[in-house]
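Below: one structure, written as structure tokens.
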Protein chains: 2
Amino acid sequence: MSVEFAPLVMEPAYRKVAVTIGARILSRALREGERLPSETELARQFAVNRSTVREALRELESRGLVQRRAGSKLMSVSRPQHEDVAEGVSNALLLHDVTVRDVWEALSILEPPLARAAARARTAPDLKCVSAAAAVFSAERNDSEQAVHRVAEFFRCLGRATHNPVLGLAQEPLLQLLEPSLRVMIDKIPQAPGRIVTAQRRLLEALEARDGEAAHAWMTRHIRDFSRGYELAGIKLEMRVTSRPTALKTRARA
Amino acid sequence: MSVEFAPLVMEPAYRKVAVTIGARILSRALREGERLPSETELARQFAVNRSTVREALRELESRGLVQRRAGSKLMSVSRPQHEDVAEGVSNALLLHDVTVRDVWEALSILEPPLARAAARARTAPDLKCVSAAAAVFSAERNDSEQAVHRVAEFFRCLGRATHNPVLGLAQEPLLQLLEPSLRVMIDKIPQAPGRIVTAQRRLLEALEARDGEAAHAWMTRHIRDFSRGYELAGIKLEMRVTSRPTALKTRARA
DNA sequence: GTGACCTGTTTGTCCGACAATCATACGATC
DNA sequence: GATCGTATGATTGTCGGACAAACAGGTCAC
């Protein structure tokens, strides 16, 4: 017998309520889209005050497990959207002093195999998505504000084309963290958009041909180009990634 | 001028409060460890009711941006811990019908380059961490409940050894999702622990020698072994990953 | 069919209250 | 001097009740 005692954890009621509801959702006893009872009703069922229920709902809401549908008052169960989840990851990484090099290294590891997987698994609609994203970037290449979003959109389509949610979600935080430095690069390096357009076209061709290796190769070059761009733009790789201005933004409800 | 109007977003007060405090933290105006004012004081400053402040705090708390230190009442600013963030990601993926194959594919993409990076960037303490984790797994290899945790711990040490927070955080959700199927595998395949011990030893040797390519190669085999293990254990790759029983658990405060 | 009007429900926010816990200081005891 | 007990004030967790605004649904006139 040990003389040591484990510190005993006192769980506040609002947390227990959140965990209980959350477990129901994760176990799929509550299905997506299903409406939650009203706050008053939940308070009655859990035998706690409505304020306590509300604190629990805020927690579930911020995890994306529940959501208010547009124009509705009742909360409904929802699957966390990629961007919401990724925002949490991005924020965590920002506070952990992530450098541009760290993000770039992760991209250079993840993206080429992701492109290969996309080339192999892509369907016709995926192709359309990728090609549309490439076209829009090409059109808006000079507005750096828009351009970075289009680049991210291109990658996102690629991620979807893998039909592997893990890969799609894994790259999302990287895209978010990439934005600020990419914007600077596009602003400072006149030839950057052109090189991106080329890479996107080659990648699209590889996807059309279902040529995984070509996609891998072109993505490798594409990512390596980024690091060259950083150099030319005078962005130090050891620089900390800066917070996006839109961080912790309000989620738009569709 | 367009005739269309954008749907106007009404932001509740609790959300504005959360966003405001969150932005302060992300911009590092509030530094880690710093104490937040009391709820009453925050309510006074924002000119809202304490209940409103509390709802905002629940949101920040669930994002890991604030935390109550053990045995303290006042909230203090904190950096989100990897495991907390990863839990959100895991839950999101669970609800997005992720299959064993999806997780395995992501592991096979991420882990070999991660091992290579670890072999190149590792320091002496990292080595100790990895070697300790390997030793503990070897000792507890027969208790499948413990064993899966030790496997995850081994990977975590590897992730830390890369000195790239992005990589460490990227693999965390994978480790969490891997657990259930890995437990089944260890239970059903007698020779599985032995193969894992071997792989871990080889990886450790590669790290000691700073041999990135060897680490990459051995990790590739290690991950491929998993898929063979799944086959032997009769785990269908198309099976949905099941929820961990500890999901949404209370965070233990150190 | 359209619009006006009413009614009950639900949320967002507020106010006030109280017990339990924590921080701190001050003695009392050994 | 170190440990313990106690008093005091601050803070949190939870509660009860309250009310305006927004929404859902029905009814009714036109």
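Numbers restart at 1 for each chain; the letters A, B, ... are given by sequence-line order, proteins then strands.
The listed nucleotides are dC15(D), dT11(C), dG13(D); the one nearest the side chain of R54(B) is dG13(D). When distances are taken from the side chain of T52(B) to each of dC14(C), dT12(D), dT14(D), the shortest belongs to dC14(C). Among the nucleotides dT14(D), dC14(C), dG12(C), the one closest to any side-chain atom of P12(B) is dG12(C). In this structure, the nucleotide among dT13(C), dG12(C), dG13(D) sitting nearest to the side chain of R58(A) is dG12(C).
The environment of CZ in R24(B) is sparse: at most 12 heavy-atom neighbours from other residues, nucleotides or ligands sit within 6.0 Å.
Side-chain atoms of S62(B) and E59(A) form no donor-acceptor pair, as typed in the model, at a separation below 3.5 Å. Looking at S51(A) and S51(B), their side chains never bring a donor and an acceptor atom within 3.5 Å of each other. Side-chain N/O atoms of D102(B) and H163(A) include no donor and acceptor closer than 3.5 Å.
A donor and an acceptor atom never sit less than 3.5 Å apart when one is taken from the side chain of R50(A) and the other from the base of dG17(D).
Atom pair E61(B):CD and dT12(D):P shows a separation of 12 Å (rounding to whole Å applied). Residue F46(A) contributes atom CZ, which lies 17 Å from atom C1' of dG13(D) at whole-angstrom precision. The nearest whole Å value for the distance from the CD atom in E41(B) to the C1' atom in dG9(D) is 16 Å. Atom CZ in R35(B) sits about 13 Å away from atom P in dC22(C), given to the nearest Å. Between the P atom of dG12(C) and the CD atom of E59(B) lies a distance of 12 Å, rounded to the nearest Å. Spacing between atom CD of E11(B) and atom C1' of dG12(C) amounts to 14 Å, rounded to whole angstrom units. Between the C1' atom of dC14(C) and the CD atom of E55(B) lies a distance of 11 Å, rounded to the nearest Å. Rounded to a whole Å, the CE atom of M10(A) is 21 Å from the P atom of dT11(D).
Across the interface with DNA chain D, nearest-nucleotide mapping of V48(A) and T40(B) shows T40(B) to be the residue nearer the 5′ end.
Neither OP1 nor OP2 of dG13(D) sits under 4.0 Å from any side-chain N or O of S51(A). Look at R68(A) and you'll find a side-chain N or O under 4.0 angstrom from OP1 or OP2 of dG12(C). Between N49(B) and the phosphate of dC15(C), there is a side-chain N or O to OP1/OP2 separation shorter than 4.0 Å.
Remark: the backbone N or O of R79(B) is paired with a side-chain donor or acceptor of Q81(B) at under 3.5 angstrom.
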